[in-house]
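Comments concern the structure below.
Just so it is clear: chains get the letters A, B, ... in the order the sequence lines come, proteins before strands, and each one is counted from 1.
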Amino acid sequence: MNIDPIHQFEVQRYADLLRVSGVSFSFTNASAFMIGIVGAIFLFLTFATRGRTLVPGRMQSVAEMSYEFIAKMVRDSAGNEGMVFFPLVFSLFMFVFVANVIGLVPYTFTITAHIIVTAALALLVIGTVVIYGFWRHGTHFLHLFVPSGVPSFLLPFVVLIEVVSFLSRPISLSLRLFANMLAGHIALKVFAFFVVGLSSAGIAGMFGATLPFFMIVALTALELLVAVLQAYVFAVLTSIYLNDAVHPGH
Amino acid sequence: MTKTWKLTVAAALMGLALAAAPAVASDSAKPSSGPAGAVVAQQDHGASTGAHVAEVVGEAAHGGEHKGGFPPFNPATFGSQLAWLAVSFGVLYFLMSRVTLPRIGRILEERHDRIARDLAEASQRRAESEAAQIAYEKALTEARGKANAIAGEARNRLNAETETNRKSLEAALTVKLEEAEARISTTKTNALSHVRGIAVDTAQTIVNTLVGTTPAQQDTESAVDQVLSRKAA
């Protein structure tokens with residue numbers, strides 16, 4: 001048994017595929033989980049809607065609810081014009097949600113507990129905002145940083161603050177998800193080690209181990225909440241940021 | 001549709017750009033023999049022996065000691081993660097935007113349409129039933145009006161007939177009355193004309209009985225006339 005709480009985050013290479021200038025694009029457990037998550041999402045949603053029934057069954061209801069949930073979220077945040085981003089937000093939500101929840105299963109790998117993954121997703125969102133914003137509105141997109149109705153002597157400071165806040169978005173977006181996932185999994189593992197360590201110390205230790213054991217149960221419930229909540233937060237913030245790309249004026 | 005394509009392409013480009021960035025970064029980090037350098041050495045070792053199937057990236061020895069540091073911050077794994085993330089998320093985006101979301105959207109739309117159609121049909125039926133109700137009430141009112149009209153007409157006709165009958169009857173009666181009156185008056189006149197004769201005769205007879213002589217016709221008549229005229233006065 002590996003009693004290292006960090007061990008669960010290790011990327012393990014399964015197959016070496018390609019190496020470009022010293023960086024390996026090998027197939028790892030992270031890759032396997034990414035592919036598995038995509039497959040699970042697609043297969044579930046396809047299987048759930050196989051009947052296309054007028055009155056939905058349980059699984060079709062889940063598929064429809066997730067669709068309507070994200071659709072409403074995007075429409076509320078970014079309006080009807082923002083619905084071009086509906087597939088993106090839906091994919092992001094489902095990807096993060098399934099990654100977070102699958103990561104709670106023991107012996108699995110949590111891809112969202114890697115800063116590079118969350119950063120890439122956050123940069124994808126902000127990149128989409130910037131590219132779509134300039135493509136759609138041209139330089140008018142820069143009005144995002146110039147709120148109307150601000151006194152002219154305050155304007156440079158306000159613009160500076162707006163720019164900094166815009167630049168901090170990908171950082172906060174990626175760090176929030178990463179830190180939540182990482183901390184939760186480490187906490188779970190630490191309490192698990194308490195159980196193992198205490199119960200190896202005899203009968204009294206076994207009794208003592210019940211306390212951290214129940215802590216694991218409670219923490220697992222909390223982590224499930226966090227997993228769902230962080231996926232939701234990620235999707236909501238994505239919709240709000242995308243609103244800036246659609247409606248740059250304040 | 002073209003919009004989603006453009007977005008897909010943009011997402012793919014984004015992923016590639018992200019995948020390329022750390023490659024450059026770790027490239028520059030290599031000569032400084034940091035964690036990335038260790039990784040490369042270890043990777044070479046793994047490739048040459050081929051002994052480990054599941055090998056820890058960025059870790060020299062399996063079992064606790066992390067030469068690559070804290071795994072989420074180990075840049076040696078970034079390239080692979082980003083590449084696979086770009087591939088898997090690109091595939092997910094493509095599948096969702098092309099297959100799954102239109103599929104669910106169609107189901108919801110069909111249901112929405114069906115509900116809207118059913119509601120429209122229901123409201124149409126209700127309108128029809130309301131129209132039928134109105135038509136029924138109208139027909140009822142009309143029938144009632146017609147019945148009233150017929151009854152009124154019949155009453156009027158009967159009234160008129162009765163009136164006519166009454167009038168003709170009254171006329172006939174008036175004629176008869178007048179005839180009768182005329183007859184009475186002629187009878188009365190006749191009777192009255194006889195009164196003088198009778199009075200004269202009676203007076204002559206009475207005088208004859210009382211006196212024994214019959215007065216002259218002329219005197220009697222004048223006396224009777226005198227009395228009669230006094231009485232009449």
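Across all their heavy atoms, Leu82(B) and Ala120(A) have their closest contact at CD2-CB, 3.4 Å. Heavy atoms only, all atoms of each residue included: Val11(A) and Thr77(B) are closest at CB-CG2, 3.8 Å. Across all non-hydrogen atoms, the minimal contact from Ser80(B) to Thr28(A) is OG-CG2, 3.7 Å. Pairing each heavy atom of Ser26(A) with each of Trp84(B), the nearest pair is O-NE1, 3.1 Å.
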Next on the checklist: Using the rule given for side chain to side chain contact (heavy atoms under 4.5 Å, CB included), can you reason through Val38(A) versus Phe94(B), listing the C-alpha separation, both sets of side-chain angles and the distance that settles it, and then say yes or no?
Outcome noted: CA-CA 11 Å; Val38(A) 171; Phe94(B) 180 79; over 6 Å; no
Next on the checklist: For a side chain to side chain contact (heavy atoms under 4.5 Å, CB included) check, start with the C-alpha distance between Phe90(A) and Leu92(B), then their side-chain angles and the critical distance, and finish with the verdict.
Outcome noted: CA-CA 10 Å; Phe90(A) 187 84; Leu92(B) 178 69; over 6 Å; no
Checklist entry - Going through the distances and angles, do Ser88(B) and Phe95(A) end up as a side chain to side chain contact (heavy atoms under 4.5 Å, CB included)? => result CA-CA 10 Å; Ser88(B) 57; Phe95(A) 192 74; 4.3 Å; yes
Next on the checklist: As a quick check of understanding, evaluate side chain to side chain contact (heavy atoms under 4.5 Å, CB included) for Val91(B) and Ile35(A), giving each step before the final call.
Outcome noted: CA-CA 9 Å; Val91(B) 169; Ile35(A) 303 286; over 6 Å; no
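Your options are Ala71(A), Ala48(A), Ser31(A), Gly39(A), and the one with the most heavy-atom pairs under 4.5 Å with chain B is Ser31(A). When each of Ala113(A), Ala30(A), Ser91(A) is scored by its heavy-atom pairs under 4.5 Å with chain B, the top score falls to Ser91(A). Looking only at heavy-atom pairs under 4.5 Å with chain B, the residue among Ile70(A), Leu45(A), Asn29(A) that has the most is Leu45(A).
Heavy atoms closer than 4.5 Å to chain A are found in both the backbone and the side chain of Arg111(B). Contacts of Leu108(B) with chain A are made by side-chain atoms alone, with heavy-atom separations under 4.5 Å and no backbone atom involved. For Leu182(A), the part sitting under 4.5 Å from any heavy atom of chain B is the side chain, from C-beta outward, and nothing else. Of the atoms belonging to Ala63(A), heavy atoms from both backbone and side chain fall under 4.5 Å from chain B. Proximity to chain A involves both the backbone and the side chain of Leu101(B), based on heavy atoms less than 4.5 angstrom apart. In this structure, the portions of Phe42(A) lying under 4.5 Å from any heavy atom of chain B include both its backbone and its side chain. Contact of Thr53(A) with chain B is made through the backbone alone, with heavy-atom distances under 4.5 Å.
Environment of OH in Tyr232(A): sparse, with no more than 12 heavy atoms of neighbouring residues, nucleotides or ligands closer than 6.0 Å. Other residues, nucleotides and ligands contribute over 12 non-hydrogen atoms within 6.0 Å of the CE atom of Met83(A).
Here the CE-OH distance, from Met94(A) to Tyr93(B), works out to 15.5 Å after rounding to the nearest 0.5 Å. From Met96(B), atom CE reaches atom CG of Leu88(A) across 12.5 Å, with rounding to the nearest 0.5 Å. Annotation: the span from Met34(A) atom CE to Gln81(B) atom CD amounts to 5.0 Å, rounded to 0.5 Å. Between the CG atom of Leu95(B) and the CD1 atom of Ile41(A) there is a distance of 10.0 Å, given to the nearest 0.5 Å. Separation of atoms CD1 (Ile104(B)) and OG (Ser66(A)) is listed at 5.5 Å; rounding is to 0.5 Å. How far NE2 of His114(A) is from CZ of Phe78(B): 9.0 Å, rounded to the nearest 0.5 Å.
Contact of the Leu121(A) side chain with the Phe89(B) side chain is registered, since non-hydrogen atoms from C-beta on lie closer than 4.5 Å.
Not one N or O on the side chain of Arg114(B) forms a donor-acceptor pair closer than 3.5 Å with the backbone of Leu54(A).
Between Phe73(B) and Phe9(A), a ring centre-to-centre spacing not shorter than 6.0 Å is recorded.
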